[in-house]
Structures are given as C-alpha cells and as structure tokens.
Protein chains: 4
Amino acid sequence: MCPRTAEAYEAIREASKQKIMQAALEIFARRGFEKSSIRQIASHGGVSLGLMYNYFKSKEDLLIAICQKSMQDVQASFIEADKGRTAKEKLERLVASSFEILAQHRDFWQVFYSLRSQPGLKDLLPESFQLWHKSIHVQLKTYLSELTHPNPDAAAWLLFATIDGVAQHNIWEENYPLKAVLDELLKTYLEDSYAAT
Amino acid sequence: MCPRTAEAYEAIREASKQKIMQAALEIFARRGFEKSSIRQIASHGGVSLGLMYNYFKSKEDLLIAICQKSMQDVQASFIEADKGRTAKEKLERLVASSFEILAQHRDFWQVFYSLRSQPGLKDLLPESFQLWHKSIHVQLKTYLSELTHPNPDAAAWLLFATIDGVAQHNIWEENYPLKAVLDELLKTYLEDSYAAT
Amino acid sequence: MCPRTAEAYEAIREASKQKIMQAALEIFARRGFEKSSIRQIASHGGVSLGLMYNYFKSKEDLLIAICQKSMQDVQASFIEADKGRTAKEKLERLVASSFEILAQHRDFWQVFYSLRSQPGLKDLLPESFQLWHKSIHVQLKTYLSELTHPNPDAAAWLLFATIDGVAQHNIWEENYPLKAVLDELLKTYLEDSYAAT
Amino acid sequence: MCPRTAEAYEAIREASKQKIMQAALEIFARRGFEKSSIRQIASHGGVSLGLMYNYFKSKEDLLIAICQKSMQDVQASFIEADKGRTAKEKLERLVASSFEILAQHRDFWQVFYSLRSQPGLKDLLPESFQLWHKSIHVQLKTYLSELTHPNPDAAAWLLFATIDGVAQHNIWEENYPLKAVLDELLKTYLEDSYAAT
DNA sequence: TATGAATGAGCGTTCATTCAT
DNA sequence: AATGAATGAACGCTCATTCAT
C-alpha cells in the first residue's frame, strides 16, 4: 500500500519538512511560541500530529530549525547589502535592505523579537543570535569609522539600537510612518557633519 | 467578638499582596509570563498556592496589578523629568530619568518588553500602555519643536525608537556601554545645529 | 473589648445558628448542595466565614442540622393532619396539609428532593428519612384499610408515589395546575367505590 | 504512508467512546454528576485521564452525549409502546414498557432524576428533556380522552406524576413491590368506570 | 513514510477547613 | 463569640510527546 521509489523519498522528506516549518512559523508569529500548540501547527500545515516528530525532536527543536533557516536568509540579504562603494552608500544600503528584509520576513521577525524578550527562550538559540548581534555592531562600527565618526563604537551601538527600535515599532504599531522615520534616520546619521564636530 | 482590628487586617492584607506581587514580578521577569506558574510564584514568595486568589482574581489579574503599580512609579518619575527649564534641559532629563527608571525597575521592564512582543499578551493591558506610548511620542515631539527641529514628528518617532532600542539592548546585553551610548545619543539629538540645517 | 453578660450568650449563639441555617437553606435550595460554597452561605447570612465552624463541624454537618430541623417542622404539621374524624376526612387532610407544608417549606423540599436523588447524599441522613418514608406508607395504608380498600398495601405505595410525584412536578414545573390535579387525586382515591369493586 | 485504515480508526474511536460513556454513566449514577471526577471515570473505564477530551469537549459535554444516547433508546421503546390497538391496551403497554425501560437503563434514570432535581443542572439539557416531558403528558392525555375520562388534562398530569413517583420509589427503595403497585395503578386508572362517573 | 489514538505531567483555579487573634 | 487570612488537596482541562500500525 505504500511503495515509493527510493529517489522520491528525499524529496518527500524535504517537502514535508518545509511544509511543517512554514506552518509553524506562521502560527508562532500569530500566537506566540508558548501559545502555539503542535496540533495547531500540524493542522495548519495539513500534516498529521505525529509526522512532526519524524523530523523534529520536539517543539523547541522545530523552533530552532526555523530560526536557523530564517537567519540564513537574513544573513544572505545582509551580505548583499555590503556591496556599496562608499561607506555612506554601504550604510544607506544596509539600512534600506534591513527594512526590506523585515518586510519580506515579517513572520520571522515577529517571532524573533518575541523570542529575544522571552528570557527562557533566549538560551535556546545561544550562538547564532549572539554572534549575529556582535557582527552587526562590528559592521556598523566599520562604516562609521570610514565616515570618520569621532566615536564610532558608541555611535554603532546607538545606530544599532535605533534600527532595532524602529523595526519593532514598525512591527507592533499599525500605520507606522516608516518612510519618514528612515529618511530622518539617514539624515541624522549620514550628515557629513562629522568633520565639523 | 474580639477579632483583629480592621486596621490590623488591612496591614496583613497589604503585606501579603506586596509579597505576592514582588514574587510574581521576579518570576515573570525571570521566566516570562506564560512559563511562570502560580505554584512557582507562591513558592518563591513563601506563601501557599491558593493565597494569590484571595487578592487577585486570576493570574492575568495579578499581572495587570503589577503593571499598574509599576506604571505609576514610572509615570511619577517622568513627571519629575519635565521640570527642566529649557527644552534641551528637559530632553536631557527625560533621557537620564528614563534610564534611571530602567535601572530601578529592571524586572518590570523585562516583563514589559516581553509582554509587548507577545502577540496575545499585548491585548491584556490595552489602555495604559497604548496611551503611554502615544504620550511619550507627543512629549518628545514637543521638546523637538521647541528646539526648532525641522521635522519634529519623524524625529520624535526616531528618538523614541532609539531610546526603546537602547533600553532593550541594555537589558539583554551584559556589559552594555550604556553611559557612552547615552552621551552619544544626547550629542546626536541635542547638537544645537538644527538652526543651521 | 468584648464583654457580654453571661445570660446573653445563649441567645446570641442561638440567633447566629439560626441565621446560618436559614442562609444555608436558601443557598442550598437555589444552587444545590454541591455548588453552594461556605463563603456564599456566610456572606448571605451576614456572618464571618469562620463562625460557621463554631456551630457546625462541617458543611455536611450543617446540612444535616438543617434537615433535622426542617423534618421536625414537617412532622409536626403531619401530626396536625391526623385529627380528622373519618378516614376519608383524614386522608383529605393529609393530602391538603402535605401540599400546604410543601408551599410553606419550599426551600426545604427543593433541597430534600435533590438530596434524595443524589446517591452519595442519601447516606448522610440515614435514619430519619427512611423512617419517615415508612411511617407515611403505614399511615396511608391505615387510612385505606379503614376505607375498606381491597389492596391497601399496594394502594398505599401507589398513593404515596402519586403525592411524591405531584409534589415534585409542582416544584420543578412552573404554572403547574396543582389545584386541578389534587382534585383529581382525591376523586380518584376517595370515590366510595371500593365496596363495589 | 501506511497508517491504519480510516475504518480501523473509526472502530477504535467508537470503542473508546463507548467505554468512556459507559464508565461515566456508571460513575454518575453511583456518585452524582458533581461528585464524579474525570479521574474517577477514566480510572473506572481503564483509560487515561486525558482521553476523554479526545472525544468530548468537557465533562458537561460527556453528560449531554450520554443523555442523548440514552434518550434515543428510551424514545425508541416508547414508540414501540404506541402500537396497541385500543386506548386501554396502549396505556397498559406504555406503563409496562416504561418500567421495562427503567429496569434496563437503571443507571441512566438514576442520573436523570438526580439531574432533574439539581437546580443548576436542569438547564444543561434544556430542549430534549422539556420536550419529552410535554410529549408524555400529551400522549397520556390522548389515551385518557379516548377512554372518555371526564377530566383528561388533570388526570394526565396525575397519572404522569404517579408513574414518575413509582419510578423513583422503585429506584431508591430496595425491595419495592413494583409488580403489585403497577397492577394497582392499572386497576385504578383503567377501570372502565369513567362512563359511570 | 505517515497516522492519530493514547498518555499523564502539569496547568489555573476553587473551596472546605484551620487557627492566631 | 467572632474574624478572615492562610492552607493545600482536588478539580477540570491542555498539550507535548509516544507508539502501534
């Protein structure tokens, strides 16, 4: 009753995995990790309850898998952003692409921000998130150094916090004036007034 | 007909209430609202499981009571901050006092930020939080207008996001260079260069 | 702070006891024994939670006390009914007084009937209820014998069941045509047709 | 892709459902609905605590399911009873079948009567029970009309109360002389003396 | 591979009861 | 005599997880 050609197995496995992860991401974003049940995810993904455990050890394991996959996408986008010529252009690109990524992966960011503020869950994704945080700070610091900012380290932290804050306000607040705020952000941080101060 | 006096009972009640609220705040901050159980809170507070229900209708009611109490403290501090003479001084005080409050009420802010990012929980505290959000934006906008900022609305959103972002990074990140970042923040937003641009 | 003349104590005790029993009877009738809480009863009676335990060992003990007191009232009324001259008159009086008692002690009967059908609770009031059941049957059988009923034992059971059934329908059913049914009852059981059959 | 067939699952489901319903009926009858706990039912049925919730939304839902199933059986028996030729025969059959049903579904009737007398629970089964009550009265009234009873409405209420009362006494009283009482009942209500009076 | 019935630890909550005052 | 704060066993219920098929 269930013969399969061997070569089809891997494709089926991958398809099921993706289906489950996509369903889980949507449910996690909509209801939060704690309040999402495995049943809801399975039902939303159109698979059986037990199938999930063929691919993921546990609910937390599923969350980790989703985060790692999404982080890869995000990282890829960031690397793309680094291709500007001048430091100013790079910074502009970085900001612009950050918010494009935010729009494209809204569900993931929703989940990401709620994970980051939930103390218990932060420890689940220890390495990647911490490393990523650091790397963003370093990247920003580099750009600001190239722009001859007098205090690139503190300014990089500040800019990072600003981007983070805007991103979150944009997610939680409806009708957030994102464009105006980003314009203001670039004006504030990219005025070539550093030499003057 | 010789029970305790009414005042004695009131004192006992108030003490127990505070003990429970304090214990709950610590547990909520440490583990998140959803993952905190009544049993953990009771145990941490050194009271029995059922005592909470003498004072709070439910776990959610307890959360609301905690938030309202903490919000009062926070509001009081903010009002204090408004006593500067010039707009610049007011803004400086607002930023300074915000982070003093953050340090003094770390647990509450931890809980606040995790509530705000959890989809379901945002609706629990609808009025006060939303109003507060708005009022901060308005206050910042007023200060920036007084400082003749060319685009006070967008700048107020931006500044708000920055403060929010710094606050969160300061909470999640150990050894966050808060002082340097705040200096940079004030330098960035309080340069009296608005007239010039 | 709480001096009392010794002679007043007993009066106070009795008054409190009655207040509690009356409150409990009303609550039990309205919500059923299981769903009534000690808190509700104390609150309804205007006394403190703990006072009840000065007078009654437990919730069940309170129930028993109420039933015993009410049964005494009921018994007294029944004895009164036995004062007719002829058997026919006695039977008429018994029926009439039964339903008067029912109307006067509605709350008790409500409780009584719900107790009787609740298996666990039947055992709480073991003697009085059983004895009372038997004595009613005997009394009815005597009357019917005097009326030369050919099968007084079965008829007494039947009449008892009828009275019981009418009483319950009258309690649960709104707008129950009690008067018409009782007329019919008397007509059915008191037709002097026994000699004929 | 080789799970059990859909029919196999359905059979398993039905078996478990029946097991739970049967266990619940027995426990409800023995201890009353309120005093019966899900744990007792599960234990008595030899299944796990949570299994009930795979099949029934709640404890109340389980009760409703049990009542509906039992009511169907009861209704079927009543319809059978209506097949007599004369009104007298129909009435005889109705009474006879009522008490056969009572004997066959003793647990259900125990539960039914305790539900009916418990104030809060009466509202749980609103439609079917109320309708059924009415329909019995109507049916009895019809038979009595056909028997040219001078006051069929009151007599129908009376007969209904009698049947109800006998049924309950038969349930609560051990060694109840049911046969004799029923004979007496039929004699009382089926004497063809209506024309004479 | 895929299914979903079954489990049971743990949750929020209630409430009869105790006891220091 | 009277109070009500405090207790904790037990409740109905949820849900991540297991496993026979």
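Each chain gets a letter, A, B and so on, in the order the sequences are listed, and its residues count up from 1.
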Classify the nucleic acid contact of [X] as base, sugar-phosphate or nothing, counting any heavy atom under 4.0 Å across all strands shown.
| X | answer |
| --- | --- |
| B:Ile12 | sugar-phosphate |
| A:Ser43 | nothing |
| D:Ile38 | sugar-phosphate |
| D:Arg39 | base |
| B:Tyr55 | sugar-phosphate |

A:Phe28 and A:Ile41, any side-chain heavy atoms less than 4.5 Å apart: yes

Is there a side-chain contact between D:Phe108 and D:Lys69, using heavy atoms and a 4.5 Å cut-off? no

Most 5' of C:Gly46 and A:Lys59 on DNA chain F, judged by nearest nucleotide: C:Gly46

Could you tell me the Watson-Crick or G-U partner of F:dT21, where both distances fall under 3.5 Å? Say none if there is no partner.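 By the stated definition (distances under 3.5 Å), E:dA2 pairs with F:dT21.
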
B:Asn54 (side chain) and F:dA5 (base): donor-acceptor pair under 3.5 Å: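 Between F:dA5 and B:Asn54, which were checked side chain against base, a qualifying N/O pair under 3.5 Å is absent.
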
Go through the N and O atoms of the side chain of B:Tyr9 and the base of F:dT3, and report whether any donor-acceptor pair is under 3.5 Å. yes

Between the side chains of B:Glu14 and B:Gln18, is a donor N or O closer than 3.5 angstrom to an acceptor N or O?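 B:Gln18 and B:Glu14 do have a side-chain donor-acceptor pair below 3.5 Å.
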
